[in-house]
Number of protein chains: 2
Amino acid sequence: MIAAKISGQSGTWVAPIATVDVVILKLTGKTLSVLLSRRAEEPAKDAWALPGSFIRSNEDRSLEDAARRTLASKAEAQSPYLEQLQTFGGPDRDPRGWSLTVAYFALLGRNAIDPPGSGRWFEIRKSGIDVDLPFDHKDILAAALDRVRRKVEYSSVPVHLLPDAFTLSELQEVYETLLERPLDKSAFRKKIAAMDFLEPIAGERRRGSNRPAQLYRARAAGELVLFDRLV
Amino acid sequence: MIAAKISGQSGTWVAPIATVDVVILKLTGKTLSVLLSRRAEEPAKDAWALPGSFIRSNEDRSLEDAARRTLASKAEAQSPYLEQLQTFGGPDRDPRGWSLTVAYFALLGRNAIDPPGSGRWFEIRKSGIDVDLPFDHKDILAAALDRVRRKVEYSSVPVHLLPDAFTLSELQEVYETLLERPLDKSAFRKKIAAMDFLEPIAGERRRGSNRPAQLYRARAAGELVLFDRLV
DNA sequence: TAAATAGTGTCTATCAGACATTATCTG
DNA sequence: CAGATAATGTCTGATAGACACTATTTA
């Protein structure tokens with residue numbers, strides 16, 4: 001790699017290295033998990049890290065393209081939710097020099113498939129994950145979790161962590177998992193109904209000797225609905 | 001400028017051009033205005049555009065540094081609010097090639113000073129601004145306005161558009177301007193009091209033959225307070 | 001019919017908004 | 001005192017949350 005030189009009023013300097021990184025999240029049971037891949041190259045060779053890629057100017061038509069390309073190489077999902085998170089940059093985050101990464105986060109439904117050799121899922125406990133991340137990937141992961149958890153308060157984020165069809169009890173469980181507090185069933189259902197972003201679909205879910213549950217789906221798959229009040 | 005070549009699995013490509021752009025906003029009367037500067041260089045020489053700069057790897061310690069440097073060259077404010085907005089990138093947004101810009105927005109208080117020759121303020125009307133912006137700067141401006149207006153619903157954003165000391169009536173007026181709807185005085189004051197992010201300071205504001213108004217200031221200057229309910 | 005979960009109804013404290021009233025200043 | 005804006009009080013409808021109750025299934 002040849003560093004690009006730029007000349008300006010304050011002298012001559014080198015263009016930053018530009019990458020995208022994707023925080024890929026799904027639920028494993030009641031726990032959020034993040035998909036990490038083992039780095040094949042230096043720096044931090046063999047370390048578990050967030051999946052990332054250089055931005056390829058000969059191939060990518062946009063930043064989101066680059067993120068989708070990175071995501072697609074690691075997981076297949078029917079309608080993954082992908083959102084730009086934040087851009088991180090600085091002289092010290094990568095030993096190769098001044099670098100910036102446009103970070104995205106993706107939410108996968110329960111029926112997502114990971115291709116073989118694509119990486120490993122790490123459960124996110126209160127103490128964090130069981131591995132040290134290179135670069136500033138710990139900060140990026142923290143920012144993604146912060147964003148997701150905050151958005152749960154006023155959006156349909158949890159829908160994207162469920163399969164296409166789900167019950168209201170399942171949806172409530174995901175809200176509770178992410179908010180880390182119990183919700184009242186009656187109040188929850190009133191709010192969800194008022195937001196009007198779900199529709200009942202044919203079929204019921206039976207999972208025991210009890211009344212079966214109605215199945216629902218999101219009206220707009222892959223889209224996020226913002227609420228006009230808080231959960 | 002020499003383009004950086006990168007080699008990878010999918011061939012050889014060129015590193016993107018990396019810049020920061022800043023959407024600098026303040027209130028002129030009851031209208032939001034944006035600070036534009038006249039471009040000194042090609043491309044789009046002589047056009048009014050968002051203030052921006054290359055990221056200088058020899059000088060900037062972070063992306064925010066680069067944004068603050070750009071902001072400081074255009075305006076002086078006691079405690080400007082600066083927030084990363086979004087990163088825009090693609091092959092066609094700049095004729096020089098694949099480029100990305102990390103966009104920030106800044107909110108200036110009413111007593112901010114613009115150094116001479118720093119640019120011109122353009123009022124933002126419903127129809128937009130009175131000038132065509134080059135590159136994708138129209139999209140960036142729209143994203144900034146969207147973010148600011150959305151955040152008004154659940155944060156102390158309007159405080160940063162006022163001088164250090166202000167009255168509750170002035171604060172309500174800014175909320176109303178940005179939300180484009182009237183608010184009830186009694187309800188507004190109850191909410192602001194509940195959020196507990198203001199403190200009364202010595203002094204009153206007199207502006208007519210009527211009862212003078214108590215002055216307040218934000219407890220944490222330059223900080224944004226997020227509310228736990230909507231305005 | 002017992003047990004379990006789904007789904008709904010009822011009650012109440014709280015609160016946002018509408019509106020009225022009081023407070024304080026100048027001319 | 002009239003007129004203006006600041007500041008606060010009162011009332012009411014809406015609703016979130018607590019909790020109880022009904023519905024529906026299997027063993």
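Each chain gets a letter, A, B and so on, in the order the sequences are listed, and its residues count up from 1.
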**Study point:** Gap between atoms CG and C1', on A/Asn210 and C/dA2 respectively (whole Å)
**Key:** 13 Å
Check your understanding: Does B/Asp132 CG have over 12 foreign heavy atoms under 6.0 Å away?
Key -> no
**Study point:** Test item: B/Arg93 and B/Phe88 side chains (from C-beta on) under 4.5 Å apart, heavy atoms
**Key:** yes
Check your understanding: Does B/Lys191 place a side-chain N or O at less than 4.0 Å from the phosphate oxygens OP1/OP2 of C/dC15?
Key -> no
Exercise for review: Indicate, yes or no, whether a donor-acceptor pair under 3.5 Å links the base of C/dG17 to the side chain of B/Lys190.
Suggested key: yes
Review point. Rounded to whole angstroms, how far apart are CZ on A/Arg205 and P on D/dT25?
Key: 16 Å
Exercise for review: Find the distance A/Leu183:CG to D/dC19:C1' and express it as a whole number of Å.
Suggested key: 16 Å
Point to revise | For the student: nearest non-hydrogen atoms of A/Asp21 and A/Leu50, plus distance | key: OD1-O, 4.1 Å
Exercise for review: Using heavy atoms to find the nearest nucleotide of DNA chain D for B/Ser169 and A/Asp184 separately, return the residue whose nucleotide is more 5′.
Suggested key: B/Ser169
Study note, to complete from the structure: Atom CZ of B/Arg211 and atom P of C/dG27 are separated, to the nearest Å, by 18 Å
Check your understanding: Do any N or O atoms from the side chain of A/Asp136 and from the backbone of A/Asp139 form a donor-acceptor pair under 3.5 angstrom?
Key -> no
Practice item. Please state how far atom CD in B/Glu170 lies from atom C1' in D/dT5, giving the value in whole angstrom units. Key: 12 Å
Review point. Going by modelled atom types, is there a donor-acceptor pair between the base of C/dG7 and the side chain of A/Ser186 at under 3.5 Å?
Key: no
Study note, to complete from the structure: The answer to which of B/Ala213 and A/Val231 contacts DNA chain D further toward the 5' end, by nearest nucleotide, is B/Ala213
Practice item. Give a yes/no answer on whether the side chain of A/Arg189 brings an N or O atom under 4.0 Å of OP1 or OP2 in C/dG7. Key: yes
Review point. Rounded to the nearest Å, what distance is computed from the CG atom of residue A/Leu198 to the C1' atom of nucleotide C/dA6?
Key: 16 Å
Check your understanding: Checking B/Arg38 side chain against B/Asp46 main chain: does a donor-acceptor pair fall under 3.5 Å?
Key -> yes
Review point. Between B/Lys185 and B/Leu230, which has a closest nucleotide on DNA chain C that is more 5'?
Key: B/Leu230
Exercise for review: Ignoring the backbone of A/Pro212, work out which of C/dG7, D/dT25, D/dA7 is nearest its side chain.
Suggested key: D/dT25
Point to revise | Rounded distance in Å - CD1 (A/Ile192) to P (D/dG17) | key: 12 Å
Exercise for review: Could you check how far CG of A/Leu215 sits from P of C/dA6, rounded to whole Å?
Suggested key: 12 Å
